Amino acid sequence: MIMSAWRFGCGNYGMSAARQDEVWRRWRAGESFSAIARSLGMPLQHVRRFLAQTGGIQRRPTRRRIQHLTMAEREEISRGLAAGSSARTIATGLNRSPSTIAREIARNGGAGA
């Protein structure tokens with residue numbers, strides 16, 4: 001199943017990622033706007049606008065580059081800073097470049113923040 005948790009500047013009309021996937025699945029299966037809206041219990045206009053804003057073509061979900069820090073790594077940086085560790089020590093523990101860790105710390109207001 002393709003997850004639609006990404007956002008690309010278009011409205012989601014109050015639909016969760018799973019519900020968006022269901023709209024796309026039904027649309028590809030050839031169901032009408034009204035049939036999709038009725039089966040999902042949502043207004044017809046929401047389904048119509050959701051599909052129209054992309055021209056009826058589902059975009060690929062964006063993927064983070066492997067070089068980007070994960071949320072778990074960011075939490076480890078936060079814990080390291082709270083424990084008084086240096087950026088170099090944190091970087092060694094995460095197997096990352098010290099400059100990557102230093103940039104992340106600076107991006108978020110510095111070690112004091």
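Worth saying up front: this structure is predicted, and the values here are computed from it rather than measured.
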Salt bridge (Lys or Arg N to Asp or Glu O under 4.0 Å) contacts touching residues 43-57 (sequence neighbours left out): none

Contact summary for Ala37 and Leu44, nearest pair of heavy atoms: CB-CA, 3.7 Å

Distance (rounded to the nearest 0.5 Å) between Leu40 CG and Gln20 CD: 11.5 Å

Side chain to side chain contact (heavy atoms under 4.5 Å, CB included) involving Ser97 - partner list, sequence neighbours excluded: Ser99, Thr100

Inter-residue atom distance Leu81.CG - Glu104.CD, 0.5 Å rounding: 10.0 Å

CZ on Arg74 to CD1 on Ile101, rounded to 0.5 Å: 9.5 Å

Reported CG-to-CD1 distance for the pair Leu51 and Ile36, which is rounded to 0.5 angstrom: 6.0 Å

Residue pair Thr89 / Ser86: nearest heavy atoms and the distance that separates them: OG1-OG, 2.9 Å

Pairs meeting criterion salt bridge (Lys or Arg N to Asp or Glu O under 4.0 Å) with involvement of residues 84-98, two or more places apart: Glu73-Arg96

Pair Glu22 + Arg19: basic N to acidic O under 4.0 Å: no

Gap separating the CZ atom of Phe50 from the NE2 atom of His46, nearest 0.5 angstrom: 12.0 Å

